[in-house]
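Along the sequence shown, residues carry numbers from 1.
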Amino acid sequence: MSKLGTLGAKLYRGEVGYDFVGKRKIWYGISILITITAIVGLAVRGLTMGIEFQGGAVFTTPKTSVSASQAENAAQAASGHDAIAQKLGDGTIRITIGGVDTAKSDQIKTQLAKDLKVNANDINADLVGPSWGETIANKAWTGLIVFMILVVIYLAIAFEWRMALAALVALIHDLTITVGIYALVGFEVTPGTVIGLLTILGYSLYDTVVVFDGLKEGQKGITKQTRVTYSEMANKSLNGTLVRSINTTVVALLPVAGLLFIGGGVLGAGMLNDISLSLFVGLAAGAYSSIFIATPLVADLKETMPEMKALKKRVLAKRAAAAAKGESAEPQDEVPFEDADDAEDTDATPAGAVVGQRRQPNRNNRGKRR
């Protein structure tokens, strides 16, 4: 078995673990700092909207030896607006200029033909009106709102409203960070970007639901025992799915990284950046939020319940009594929560103990019971 597989097995059995939930204030602080940075970047620099949203013209030249940078300078001089030029694989150049109308487009086309030394009739010009982009943006917002509502309803039914609320906070967290990084990097926002943003919601939600499913199983009968608190059970469930979440995220990030760094960076296919950056940042943020935000937030919400407060009080009191007697704090044989009423409830278990696993019967105890 590989080292990662061995680590995963140990995490699942509770032999090793990290106290993610116990250190939630640290993760909350980091997330707040990142979110504030993203919001400031969005407020200061704003988003660079593509012509699909602000309107403009796209010029495609015939095959030419002129470089993309030369074509970009010529387009900016001819239009008086910022321009983006991309050298395509067949030797043609795609020039995007925002904020120009039909009359201005004809002038730019004529000037580009002179500067690039090509025939004006061979330059293809496509105009995009801002109303089309506004329609796409409105539909994207509608889709996002409907998606959020359906997610909250589903999670509230499948799990409970506290988990639904935590998942919603995690999704908003992921979207804010992704949009903020777009503003800081300065990539254009195109329909591909919108598709990427909507896609990462599904990935983020998947990781969160996997962890929540473990929480749902782990909390069965939790108030009938005095070995662990809800936060400790949540941390145990999180550690049990940690390697799975990491593996899933890494496998998803590898092809996206190829699109972003090789396709967009090395090969210069700038159009790939539109969707690949949003996917790359969103996938990473989704894995982070499911581990460091969603689960600790569920634990905080659950431990406001009177029965969970009472459970925590009983657990801590029992541990204090065991410590006063000098008894070992190491866990003995474990029993599932459902069988807690029938078990010898005499030892206290720390946060790292295994939760919900059935123990082998103790022969000495079996003899005493007989």
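- How far CD1 of I177 is from CG of L184: 11.5 Å, rounded to the nearest 0.5 Å.
- Residues V152 and I172 are members of one and the same hydrophobic cluster, defined by side-chain heavy-atom contacts under 4.5 angstrom among Ile, Leu, Val, Met, Phe, Trp and Tyr.
- Under a 3.5 Å cut-off, the side chain of E72 and the backbone N or O of A85 do form a donor-acceptor pair.
- L238 has its side chain within reach of I291: a pair of non-hydrogen atoms, C-beta onward, lies under 4.5 Å apart.
- For V256 against A252, the heavy-atom pair with the smallest separation is CG2-O, 3.4 Å.
- Open room surrounds NZ on K312; 12 or fewer heavy atoms of other groups in view lie less than 6.0 Å from it.
- Atom-to-atom distance recorded for L279:CG and T193:OG1 is 9.5 Å, nearest 0.5 angstrom.
- No side-chain donor-acceptor contact under 3.5 Å links R319 to the backbone of R314.
- Taking the six-membered ring where tryptophan is involved, the planes of H173 and Y288 are essentially parallel, since the angle between them stays under 30° and well short of 60°.
- Interatomic distance, OG1 of T92 versus CG of N124, reported as 10.5 Å (0.5 Å rounding).
- Judged by distance alone, with hydrogens and angles left aside, the side-chain atoms of R162 form no donor-acceptor pair with the main-chain N or O of V298 at under 3.5 Å.
- Proximity of a side-chain donor or acceptor of D213 to a complementary backbone N or O of V209 within less than 3.5 Å is not detected.
- In the hydrophobic clustering of this structure, F159 does not group with V21; members are Ile, Leu, Val, Met, Phe, Trp, Tyr whose side-chain heavy atoms approach within less than 4.5 Å, directly or through other members.
- Taking CZ of F59 as the reference point, atom OG1 of T96 lies at 9.5 Å (rounded to 0.5 Å).
- In this structure, Q76 and I97 have side chains that are not in contact, with every pair of non-hydrogen atoms separated by 4.5 Å or more.
- Between the side chain of K302 and the backbone N or O of M308 there is no donor-acceptor pair closer than 3.5 Å.
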Is there a side chain to side chain contact (heavy atoms under 4.5 Å, CB included) between T208 and L171 once you walk through the steps?
-> CA-CA 10 Å; T208 303; L171 289 177; over 6 Å; no
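- Between atom CG of residue D115 and atom CD1 of residue I108 there is a gap of 11.5 Å, rounded to the nearest 0.5 Å.
- Under 3.5 Å, the side chains of T229 and S231 contain no donor-acceptor pair of N or O atoms.
- Contact check for L297 versus L165: no side-chain heavy atoms found under the 4.5 Å cut-off.
- Between V281 and I200, the closest side-chain pair of non-hydrogen atoms is not below 4.5 Å.
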Could you go through the side chain to side chain contact (heavy atoms under 4.5 Å, CB included) check for L197 and Y182 one step at a time?
-> CA-CA 11 Å; L197 289 174; Y182 249 87; 5.7 Å; no
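- M305 is connected to L215 through a chain of hydrophobic side-chain contacts under 4.5 Å among Ile, Leu, Val, Met, Phe, Trp and Tyr, so both are in one cluster.
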Side chain to side chain contact (heavy atoms under 4.5 Å, CB included) between V189 and V179: does it pass, once the steps are laid out?
-> CA-CA 9 Å; V189 177; V179 173; over 6 Å; no
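- Here the closest non-hydrogen pair linking A156 and A164 is N-CB, 3.7 Å.
- Listed here is the closest heavy atom pair of K109 and A125: CD-CB, 4.5 Å.
- V210 and L201 are assigned to two separate hydrophobic clusters, defined by single-linkage of ILVMFWY side chains at heavy-atom distances under 4.5 Å.
- Two residues are said to be in side-chain contact when any heavy atoms from C-beta on lie closer than 4.5 Å; I30 and F292 fail this criterion.
- Atom-to-atom distance recorded for I222:CD1 and Y230:OH is 7.0 Å, nearest 0.5 angstrom.
- Taking 4.5 Å as the limit, every side-chain heavy atom of L42 sits out of range of all side-chain heavy atoms of T176.
- Using a 4.5 Å heavy-atom threshold, the side chains of D106 and T110 count as separate.
- Of the possible donor and acceptor atoms, one in the side chain of T142 sits under 3.5 Å from a partner among the backbone N and O of N138.
- Scanning all heavy atoms of the two residues, the minimum distance from T295 to S290 falls at OG1-O, 3.2 Å.
- Following chains of ILVMFWY side-chain contacts shorter than 4.5 Å, one can reach I195 starting from L47, so the two form part of one hydrophobic cluster.
- Using modelled atom types, one side-chain atom of S289 and one backbone atom of G286 make a donor-acceptor pair closer than 3.5 Å.
- Looking at every heavy atom in both residues, T61 comes nearest to T64 through OG1-CG2, 4.0 Å.
- Here the closest non-hydrogen pair linking P62 and D122 is CD-O, 3.6 Å.
- At least one side-chain heavy atom of L144 sits under 4.5 Å from a side-chain heavy atom of L175.
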